Amino acid sequence: MSDAKYFTTTKKGEIAELKADLQSEKRDRKKEAVKKVIASMTVGKDVSSLFPDVVNCMQTDNLELKKLVYLYLMNYAKSQPDLAILAVNTFVKDCEDPNPLIRALAVRTMGCIRVDKITEYLCEPLRKCLKDEDPYVRKTAAVCVAKLHDINAALVEDQGFLDLLRDLLSDSNPMVVANAVASLSEINDASPTAAAQFELSSAIVNKLLTALNECTEWGQIFILDALATYVPGDDREAQSICERVTPRLSHANAAVVLSAVKVLMKFMEMLPSGSDYLTTLTRKLAPPLVTLLSSEPEVQYVALRNINLVVQKRPEVLQNEMKVFFVKYNDPIYVKLEKLDIMIRLTTAANIAQVLAELKEYATEVDVDFVRKSVRAIGRCAIKVEQTAERCVSTLVELIQTKVNYVVQEAIVVIKDIFRKYPNKYESIIATLCENLDSLDEPEAKASMIWIVGEYAERIDNADELLKSFLDGFQDESTMVQLQLLSAIVKLFLKRPAETQELVQQVLNLATQESDNPDLRDRGYIYWQIGRAV
């Protein structure tokens with residue numbers, strides 16, 4: 001029969017009945033009662049009043065019953081600390097039980113009961129379990145030290161548990177080593193005084209690398225993360241570690257692969273640049289990273305975030321893998337945006353045609369946010385690789401001619417950045433930009449267009465009229481637009497003082513007399529003073 005029956009009882013005197021069953025001499029009846037108590041606890045009912053009766057059930061040889069009682073204790077010990085003390089003797093006794101499963105269960109539960117009064121009783125049993133003959137008990141005790149450190153750090157350090165954990169790094173069992181590494185790493189992160197306890201030496205690194213091949217995947221992750229903190233003595237040692245870590249790149253678990261990549265990326269810094277081994281290692285890094293991109297979206301996203309960092313440091317690792325970062329129609333938006341960022345980082349003069357064709361395609365998608373980011377990406381490519389700027393500008397002009405409002409506005413913002421990076425190069429497109437002036441309704445696009453008009457006023461015959469059109473609704477514009485308009489009209493005045501005297505007077509009055517914004521007023525007064533001085 002399934003355990004569902006334990007969740008269905010709704011009797012009025014349920015607690016009283018459970019109390020009677022827990023005090024029964026019959027083992028089966030007692031076991032059923034404990035299961036019902038755990039079921040009630042699971043669905044949120046308060047069964048803390050049964051604490052003394054459940055604790056009395058600890059005196060049993062039945063492993064299943066003992067597990068259930070320990071589960072109850074972990075849940076209610078914090079709210080009943082005085083009663084939890086009653087269980088201490090049983091814990092201490094269980095830590096010396098002939099069955100290693102019971103010894104491990106007892107020490108694990110004592111570590112999970114976060115009650116200060118119990119921690120002092122835990123020290124001696126924990127010390128024994130850390131030196132236990134059974135590796136299962138030792139690996140459980142290793143994790144328990146980290147839990148105890150979280151409750152009472154001073155006690156762990158005073159009692160010498162950190163030294164015992166360090167000794168476990170040389171244990172013959174790989175899982176004990178992995179758990180000792182995990183515990184020391186956690187303690188190291190939590191306590192600056194314990195940091196010195198986890199300084200890796202060459203001998204310890206050797207032992208960790210030996211354990212790496214035999215422990216579980218999560219054990220491997222703990223060991224690899226610890227190895228990433230080690231500083232090799234020379235390039236030969238770094239190469240030796242890389243050689244022993246490289247096989248982890250073909251592991252089925254994505255977390256192991258990424259941890260291995262982290263170690264390799266760090267130690268590659270130590271290898272002589274241009275060496276054959278470094279070139280081989282760089283080639284080996286690409287396939288496992290590319291493979292991660294065929295996982296589910298959540299794993300893809302984590303992989304992409306890591307790839308982004310790898311590409312920033314060593315773009316050559318994935319320089320020939322541009323196509324795998326092309327966006328698929330069914331990718332979630334968070335994956336699309338991350339791929340877009342990596343595409344820009346990998347863009348070179350050699351692959352720009354391929355990238356631009358792809359980005360232009362993205363600009364026709366239905367997702368407005370993604371379209372905006374794609375248009376911005378074209379601008380970032382132009383700024384990153386100067387040889388590609390002309391092709392990027394041509395692509396942006398084509399997008400402006402589609403007359404799709406948000407595409408036009410984003411393209412103008414991007415072109416402003418290109419003009420700033422490459423002055424006096426692409427002014428031939430200004431006429432096309434000015435045609436779209438009336439369609440601008442977003443502050444950033446307006447501010448960008450105003451900057452372009454002010455910066456290239458001498459090339460735009462009706463620059464004063466264009467800027468004057470913005471002055472009519474000056475007070476309704478955003479601060480960004482107001483500041484840009486003020487600067488642009490002052491620039492225009494410096495280029496054509498005779499024609500724009502009235503216009504500059506008007507904007508300075510608006511900025512200094514009628515505005516409440518201190519930044520705008522200050523800039524207006526500064527321009528006014530400069531004008532008088534000239």
Side-chain angles (χ1 to χ4, degrees), residues 297 300-301 304-305 307-308 311-312 322-323 325-347 351-385 388-422 426 429-430 432-453 455 470 477-485:
Q300 271 190 61
Y301 177 71
L304 286 165
R305 294 289 290 172
I307 288 168
N308 204 328
V311 166
Q312 287 177 48
M322 177 64 89
K323 279 191 176 178
F325 300 108
F326 286 175
V327 169
K328 295 176 186 159
Y329 75 94
N330 58 348
D331 280 340
I333 184 66
Y334 55 88
V335 169
K336 285 181 175 179
L337 296 178
E338 208 56 46
K339 282 184 173 180
L340 208 55
D341 199 33
I342 294 168
M343 279 171 66
I344 296 161
R345 294 191 190 283
L346 291 175
T347 300
N351 61 20
I352 189 65
Q354 197 181 24
V355 173
L356 278 181
E358 197 69 16
L359 291 174
K360 194 176 172 187
E361 194 67 36
Y362 301 161
T364 61
E365 291 240 357
V366 289
D367 186 325
V368 176
D369 187 39
F370 180 58
V371 170
R372 287 176 181 277
K373 291 282 196 302
S374 301
V375 175
R376 291 220 171 191
I378 296 171
R380 283 177 64 187
C381 289
I383 288 165
K384 184 186 173 212
V385 188
T388 69
E390 195 164 338
R391 295 181 79 159
C392 293
V393 170
S394 304
T395 306
L396 287 168
V397 171
E398 286 172 36
L399 290 173
I400 288 172
Q401 285 163 351
T402 62
K403 300 292 181 186
V404 178
N405 189 262
Y406 54 86
V407 173
V408 170
Q409 304 206 68
E410 206 60 47
I412 286 172
V413 172
V414 163
I415 286 169
K416 181 258 295 182
D417 292 335
I418 294 172
F419 278 180
R420 293 181 77 161
K421 174 77 175 173
Y422 308 115
Y426 303 107
I429 66 166
I430 291 175
T432 310
L433 302 182
C434 291
E435 288 169 17
N436 295 279
L437 202 63
D438 297 336
S439 65
L440 305 182
D441 54 21
E442 291 172 13
E444 197 177 0
K446 279 185 180 179
S448 299
M449 192 65 225
I450 290 167
W451 181 88
I452 291 168
V453 173
E455 190 69 17
F470 285 104
E477 298 289 2
S478 69
T479 306
M480 182 194 294
V481 175
Q482 290 176 338
L483 287 166
Q484 204 58 262
L485 190 56

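Being a predicted model, the structure only gives us computed values, none of them experimental. One is the number of the first residue; the rest follow in order along the sequence.
For the pair Glu358 and Lys323, the salt-bridge criterion is not met [side-chain N within less than 4.0 Å of a carboxylate O]. Residues Lys373 and Asp367 are not paired through a salt bridge, judged by the lack of any N-O separation under 4.0 Å between the basic side chain and the carboxylate.
Both the sub-6.0 Å distance and the 45° axial angle are satisfied by Lys336 relative to the ring of Phe370.
Defined by atom type and a distance below 3.5 Å, a donor-acceptor pair is missing between the side-chain atoms of Glu410 and Tyr406.
Residues Val371 and Tyr362 approach most closely at CG2-O, 3.6 Å, considering heavy atoms. Among all heavy-atom pairs drawn from Ile450 and Gln484, the shortest one is CG2-O, 3.6 Å.
No side-chain heavy atom of Ser394 sits under 4.5 Å from any side-chain heavy atom of Val397. Annotation: side chain of Glu455 is not in contact with side chain of Lys416 (no heavy-atom distance under 4.5 Å).
Under a 3.5 Å cut-off, the side chain of Asn351 and the backbone N or O of Leu346 do form a donor-acceptor pair. Although no hydrogens or angles enter the test, the distance criterion places a donor-acceptor pair under 3.5 Å between the side chain of Asp331 and the main chain of Lys328.
For Glu390, the CD atom counts as loosely surrounded, since its 6.0 Å shell holds 12 or fewer non-hydrogen atoms of other residues, nucleotides or ligands.
Applying the ring-ring contact (aromatic ring centres under 6.0 Å, His included) rule to Tyr334 yields the partners Tyr301; only residues at least two apart in sequence or on another chain are considered.
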In a table with atom names and distances, give each donor-acceptor pair under 3.5 Å that connects a side chain of residues 398-405 to protein atoms at least two apart or in another chain.
{"unit_1": "Glu398", "atom_1": "OE1", "unit_2": "Lys360", "atom_2": "NZ", "d": "2.1"}
{"unit_1": "Thr402", "atom_1": "OG1", "unit_2": "Leu399", "atom_2": "O", "d": "2.4"}
{"unit_1": "Lys403", "atom_1": "NZ", "unit_2": "Asn436", "atom_2": "OD1", "d": "3.2"}
{"unit_1": "Asn405", "atom_1": "OD1", "unit_2": "Gln409", "atom_2": "NE2", "d": "2.6"}
{"unit_1": "Asn405", "atom_1": "ND2", "unit_2": "Ser439", "atom_2": "O", "d": "2.9"}

